[in-house]
Amino acid sequence: MKRPLSGSLDNLPPVTLLRLIGATSPTGSLTLWTPEGELRLDIVDGEVPVMPVEELKQAGQVLGAERGRFRFEPSSGDFHEGDSVALLAFIEAACTARTRTDSAPSSDLDIDLLLDLTTIESATPQTTNIHVLPSAPLENPLGDLLSDLEETAPNELLLSQLGAVVADPRMWRGRLEQEWRRRGWQLQVFSGPTVAEVEELDCLLIHHQLSITRVGHEDDWLTLIRAARRQNPPVPVIWVGRLGDGRWVHELLDAGCSFLMPAPQGDTGETLNRFVEDLTTVVDSQLGYRQLIAGSNQSEGVGELIEALLREADPGQVISSLLLVAARYFENGALLTVEDTAIRCRAGFGYPLEAGTRALPRGVGLLERVVRSHEPVLEMDPDAAGTVRLARLLGVECLPRASAVIPLVAGAQVAAVLIGDNAGDSLTDVSELVLLSRRLGGAVLDN
């Protein structure tokens, strides 16, 4: 990170931003401008100078503001001349000072206790034992587990529904269907435009190997495309066919086709391999766009700052920094990365991860709902098949009802999910963690 970054705090509390900065231990100057005042912090390796009582109280007022702007200027210098304290401990001290009555004498604030590192830092997540699992590829396929869930608890699955309207379904069976199944996509094949049902689909594909297929039925195809686009949210339509007829291409785009692909020249060998790979990439992108939440409340510049702070760190440090923040809210926590064909346990604290199963297939409803909606789940049924599978992934027999699944969002997709609980006790307010997590997916995705 070489250049200054700035942005808005209107949708992210200053305390939440500072907690992440504290977990990454950067060096630089952070300035906050809020209706409650201005605060400048010179940070060296995650520590800030000790403040007098009155300045600490004013800092607490700034950290309690609900809107404002920030600017972070990276530096390699050391600005500290006196005593310093960890930024995470400073946050606790400032917030505590803010809650004291203004009429209380300075001595009553007991500032020595507030800034006593033994007392404050012992309560911070820096002491959390975070265990990062190896990132080696999975050796065992997850297809059997997916099939078992489908047979024993079909209601616990949530598969993306893909519909393909094709004259000859042979190329769409076999390898293509199997590849998509591993990604948590379920394929339905329709024989024509008048029998295709778009209401329950997440994506519609139309494959014309020969232009003659549409002759005399143009209105039927255009009606189908328009019906898909009228759904809420609109169902993306991918057209695979000959694209030499400019007039027809115009009709397709006007009706609402999301993507046009040329038909493959064959259905075997390398030609089929390229077609499967390219089509899978397009479908994945269209599903991601459909899942993107309109009007995301990401604060201007915050995501860029977070990614810049974590960009040069090694993967283990990035994930550990994120989990240090989560440890302020949970007694047990784990980070699961969302991959094309699996959801993998990457790191955590509290849970016996090494005793777990390491990964789950795509399609497990409990997790897929969070991945699709970008919304957290803050309570789960301990006896549900999906929850039982998740518990085994983390190496425990069961998860408490008061458990959280929080998405880490990167653009149009969820790159990871954060799991956490308090060993059966109720969850604390995790709203700040949810807001912050919406900006952390990019850091996980890059590592």
Side-chain angles (χ1 to χ4, degrees), residues 6-73 78-128 299 302 305 309 321 324-330 428-436:
S6 59
S8 170
L9 291 168
D10 289 0
N11 294 305
L12 184 71
V15 167
T16 307
L17 178 62
L18 261 65
R19 281 174 178 163
L20 181 71
I21 293 176
T24 61
S25 300
T27 296
S29 295
L30 175 70
T31 305
L32 306 177
W33 295 275
T34 76
E36 304 298 332
E38 177 181 331
L39 173 64
R40 176 186 170 92
L41 295 174
D42 292 328
I43 308 170
V44 177
D45 294 331
E47 296 192 349
V48 297
V50 172
M51 288 185 179
V53 175
E54 291 305 317
E55 290 185 20
L56 190 66
K57 291 175 64 177
Q58 178 57 35
Q61 295 296 326
V62 173
L63 295 185
E66 297 182 355
R67 57 190 177 89
R69 295 189 62 81
F70 74 87
R71 179 179 174 84
F72 184 83
E73 300 183 38
D78 185 350
F79 347 87
H80 295 176
E81 296 181 356
D83 294 335
S84 61
V85 61
L87 182 56
L88 293 174
F90 162 79
I91 296 169
E92 299 296 328
C95 291
T96 301
R98 184 185 71 223
T99 61
R100 302 295 178 96
T101 61
D102 293 335
S103 60
S106 296
S107 58
D108 290 345
L109 287 172
D110 198 4
I111 199 64
D112 292 333
L113 176 61
L114 287 175
L115 294 182
D116 178 56
L117 298 184
T118 302
T119 301
I120 295 177
E121 293 196 28
S122 65
T124 71
Q126 292 187 1
T127 59
T128 301
S299 297
V302 172
L305 173 61
L309 289 172
S321 295
L324 282 174
V325 176
R328 304 193 65 83
Y329 301 87
F330 302 128
T428 58
D429 182 6
V430 297
S431 56
E432 288 187 8
L433 181 61
V434 171
L435 283 173
L436 187 59

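None of these values were measured; they are calculated from a predicted model.
Taking each heavy atom of Leu63 and Ala94 in turn, the nearest pair found is CD1-CB, 4.0 Å. When all heavy atoms are compared, the tightest approach of Ser6 to Arg69 is OG-NH2, 4.3 Å. Here the closest non-hydrogen pair linking Pro14 and Val62 is CG-O, 3.9 Å. In plain terms, the two heavy atoms of Glu47 and Ser84 that are nearest each other are OE1-OG, 2.7 Å. Of all heavy-atom pairs spanning Pro49 and Asp42, the tightest one is CD-O, 3.5 Å.
Among pairs with a residue in residues 21-37, none fulfils salt bridge (Lys or Arg N to Asp or Glu O under 4.0 Å), at least two apart in sequence or across chains.
Atom-to-atom distance recorded for Leu39:CG and Leu30:CG is 7.5 Å, nearest 0.5 angstrom. Note: Cys95 SG to Lys57 NZ = 14.5 Å, rounded to the nearest 0.5 Å. Distance check, rounded to the nearest 0.5 Å: CG of Leu17 to CG of Leu32 gives 7.0 Å.
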Evaluate Phe330 against Leu433 for side chain to side chain contact (heavy atoms under 4.5 Å, CB included), listing each step before the verdict.
CA-CA 11 Å; Phe330 302 128; Leu433 181 61; 3.6 Å; yes
Could you walk me through whether Leu41 and Leu18 pass side chain to side chain contact (heavy atoms under 4.5 Å, CB included), step by step?
CA-CA 10 Å; Leu41 295 174; Leu18 261 65; 3.8 Å; yes
Steps toward side chain to side chain contact (heavy atoms under 4.5 Å, CB included) verdict (Met51, Phe90)
CA-CA 9 Å; Met51 288 185 179; Phe90 162 79; 3.7 Å; yes
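Side chain of Thr27 to backbone of Asp45: a donor-acceptor contact under 3.5 angstrom is found.
Between Ser8 and Phe70, every side-chain heavy-atom pair lies at or beyond the 4.5 Å cut-off. Taking the side chain as every heavy atom from C-beta outward, Arg67 and Pro35 approach each other to under 4.5 Å. Using a 4.5 Å heavy-atom cutoff, the side chains of Pro26 and Ile21 are in contact.
Comment: Arg40 does not engage Glu38 in a salt bridge, judged by the lack of any side-chain N to carboxylate O separation of less than 4.0 angstrom.
For Glu55, the side-chain hydrogen bond (donor to acceptor under 3.5 Å, both in side chains) test picks out no residue, with sequence neighbours left out. A search for salt bridge (Lys or Arg N to Asp or Glu O under 4.0 Å) contacts involving Arg19 returns Glu92, Glu432, not counting sequence neighbours. Applying the side-chain hydrogen bond (donor to acceptor under 3.5 Å, both in side chains) test to Thr31 and every residue at least two apart in sequence or in another chain returns nothing.
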